[in-house]
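Presented below is the structure to which this report refers.
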Amino acid sequence: MAASLSTGLDVHFAIPQSDTKRPIFFTRRKFTIYCNSSKSSTKPPQNPPVKRTPSLSEQLQPLSTTTLPKKDQAGLLSKPKSTWVNPTKPKRSVLSLQRQTRSPYAYNPKVRELKLFANKLSDCDNSEEAFLSGLEEIPLEPTRENALLILNSLKPWQKTHLFFNWIKTKNLFPMETIFYNVTMKSLRFGRQFELIEELANEMVSNEIPLDNITYSTIITCAKRCNLFDKAVEWFERMYKTGLMPDEVTYSAVLDVYAKLGKAEEVVSLYERGVASGWKPDPIAFSVLAKMYGEAGDYDGIRYVLQEMKSLGVRPNLVVYNTLLEAMGKAGKPGLARSLFQELLESGLTPNEKTLTSLAKIYGKARWAKDALELWEEMKSKNWPMDFILYNTLLTMCADIGLVEEAEQLFMDMKKSQHCRPDSWSYTAMLKIYGSGGNVGKAMEFFEEMSEVGVELNVMGTTCLIQCLGKAGRINELVKVFSVSVEQGIKPDDRLCGCLLSVVSRCESRADVDKVLACLHRANPRLVGFVKLIEEEVYCLDTVKEEFKGIISDTKDDARRPFCNCLIDICRSKNLNERAHDLLYLGTLYGLYPGLHNKTANEWSLDVRSLSVGAAQTALEEWMGTLANTIKHEEALPLLFSAQTGAGTHKFSQGLSNSFASHLKKLAAPFRQSEEKAGCFVAKREDLVPWLQSRLQT
């Protein structure tokens, strides 16, 4: 007769993502595999294998080999479905829900006398000779209880270690686990992991049992010393002995795995702990929130909030701060605002870190109204301010264009004794005045920096050069660039892109040559390419090869701006065909993803990440493609749209306005959408005749 066996099998499926920038999430599904085995097997019986406790890495091996992302994949794991547990055969617990009972101290009537002696030892010289000399004055016989009390009263870890070694040499009584635990805890304060590990190995060699407190001390010390691999190693060793970690150790190990980027292990440990009856503390939830936040995983952050509510865990300020920081990285300003209100309603008072996180979020999202409300609330409630918060608020004002508020903040910093403006404070002001075209104020701050001895940084130089370039004050631009280089500033790709942008705006050849001379000091190859695309004899293959080399040597976030500026330079010199070639090369090398989008009813052009000249070139290219589609009598959708964006910054350059002017110049039948700012739409019945008329000319 066949015996039926069944087992639960976790299978992980990757959910395909349409947006490659988003982290890869996983889900679990559980299948049951049924097998039949016959009792009439002729195979001789074998001795059953000796059972051993599997290590944690062995328990988690299926997870790490099947679902962990590769090193170059930044995605973390979203909350998987709960693992089903067979009630007739539950999984063994993975942690102890109670802290180990500490060994009781016997009452000692000489406590005061012994503590005074311990204080005397703590205050003596750190040399071994001085310490041993002090021990000669011990008032009582060093019995087990007396020695333990002195050991526990010594404060500097060096003294604790010396006294522990002295006790061992006396050999007055057997060394028990508690002596090692007390010594290790003192060493942990001094972050002396090597000494702690040495003592732990000594315990193993002398067959002195390591208890939960021992392992907890070793693991948490390794974590404090950023020796995360060592923390995992000792956690593994703990499991091999069959000893269950307590809640404190479990929370610490969650943080260790998160810092190692082992998201699957973190989630697995969390789920197993909860299944064992563990109620995670705010620290554990803070670990989860930070892990998901660094991955920009909004679903994971939302899961943490739901778990806290379902388990009745009230967030403390540390957890709120971690969640706010995570939401900033996930790009969820609305959720961050709601969480901040929840923090206030719970009766907690935000600290500097809370307000810094929220200011960064509002600045990045350019939520001017919420930023102003936050600033007013901070002043009215006299919430704490520190140096980092001041600079963050200034940066937020620069991002949004709040000039008066920034000026008030800057004056407050000048009056402060502890938060005087530094390089980043001045940079924020340069950005504000530069974006607003207030050249006089920007130069005033530039001069003031030299007077007060604040060094200019590369970001401040970039803001100032951008401002001077827009105003056409090229001689002052050259002066600022020269001063910056003389002060040791190394121009980065962003500064080179700014200089390229100025070249595209210059009206005279003399000004172009002055700016190119500055750019040549930073990136001579880029200057050579500018001259290449201006040459009368033009070869696309040569341009393509050189363009590829330049882009390869440029940081990712500067590649598209480089291409945009080069297209603008071509258009400023009426080299429109070469501008189209550069747009083609930029598209070829992946600089313009999402430029074209198609659905059954609508085709759209998205130029929100393009410069004015590049957007005009992309529009012309698109119209040419649509004209060819009509020429070949291919099907067209009912609606066409072009997205320029509304320009949320107060000092936005107005891509939407420039694009609208170019549409008007072409007499194209696109109209501003009444429903969406920065969106131009055209119907098929209007666009087709216009394109056909252009084909005939």
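Counting from 1, the numbers follow the sequence of the chain as shown.
- Of the possible donor and acceptor atoms, none in the side chain of Ser416 sits under 3.5 Å from a partner among the backbone N and O of Asp412.
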Decide ring-ring contact (aromatic ring centres under 6.0 Å, His included) for Tyr426 and Phe410; before the verdict, give the C-alpha distance in whole Å, the side-chain angles of both, and the deciding distance to 0.1 Å. CA-CA 9 Å; Tyr426 277 94; Phe410 196 82; 5.0 Å; yes
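- The aromatic rings of Tyr292 and Tyr303 sit perpendicular, their planes meeting at an angle over 60°, well past the 30° parallel limit.
- In this structure, the ring of Phe670 has its center no less than 6.0 angstrom from the ring center of Phe659.
- You'll find the side chain of Ser484 stays beyond 4.5 Å of the side chain of Gln487, heavy atoms only.
- Summarising the geometry of Ala442 relative to Leu430, their closest heavy-atom pair is O-CD2, 3.3 Å, with the distance given to 0.1 Å.
- Formation of a donor-acceptor pair under 3.5 Å by the Ser425 side chain with backbone atoms of Asn391 is not found in this model.
- The closest donor-acceptor contact from the side chain of Arg560 to the backbone of Leu591 lies under 3.5 Å.
- Side-chain N or O atoms of Arg559 include one that pairs as donor or acceptor with a backbone N or O of Thr554 at under 3.5 Å.
- Between the side chain of Arg473 and the backbone N or O of Val439 there is no donor-acceptor pair closer than 3.5 Å.
- In this model, no donor atom of one side chain and acceptor atom of the other lie less than 3.5 Å apart for Asp281 and Tyr250.
- Checking side-chain atoms of Gln672 against main-chain N and O of Cys679 turns up a donor-acceptor pair under 3.5 Å.
- Thr354 contributes a side-chain N or O that, together with a main-chain N or O of Asn351, makes up a donor-acceptor pair within less than 3.5 Å.
- Counting only distance, with no hydrogens or angles, the side chain of Ser286 and the backbone of Pro282 share no donor-acceptor pair below 3.5 Å.
- Counting non-hydrogen atoms of neighbouring residues, nucleotides and ligands closer than 6.0 angstrom, the CZ atom of Arg302 exceeds 12 such neighbours.
- Arg314 and Met308 make their closest contact through C-CE, 4.5 Å (heavy atoms, listed as atom of the first residue, atom of the second, distance).
- Considering every non-hydrogen atom in both Phe562 and Asp493, the closest pair reads CE1-O, 3.3 Å.
- Judged by distance alone, the side chain of Thr462 and the main-chain N or O of Val458 form a donor-acceptor pair under 3.5 Å.
- Using a cut-off of 4.0 Å between Lys/Arg side-chain N and Asp/Glu carboxylate O, Lys555 and Asp557 are scored as not salt-bridged.
- Thr356 contributes atom OG1, which lies 7.0 Å from atom CG of Leu393 (distance to the nearest 0.5 angstrom).
- A donor-acceptor contact under 3.5 angstrom links the side chains of Ser501 and Arg505, judged on distance only.
- A salt bridge is defined here as a Lys NZ or Arg NE, NH1 or NH2 lying under 4.0 Å from an Asp or Glu carboxylate O, and Lys431 with Asp399 meets this definition.
- No side-chain donor-acceptor contact under 3.5 Å links Ser611 to the backbone of Cys565.
- Here the rule is side chain to side chain contact (heavy atoms under 4.5 Å, CB included) with Trp375, and of Asp370, Leu355, Leu409 only Leu409 fits it.
- In this model, no donor atom of one side chain and acceptor atom of the other lie less than 3.5 Å apart for Glu444 and Tyr433.
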Verdict with reasoning, Asn597 to Asp606, per side chain to side chain donor-acceptor pair (under 3.5 Å): CA-CA 8 Å; Asn597 299 285; Asp606 190 343; 4.9 Å; no
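- Ring geometry, Phe235 versus Tyr257: the interplanar angle exceeds 60°, so the pair is classed perpendicular (tilted spans 30 to 60°).
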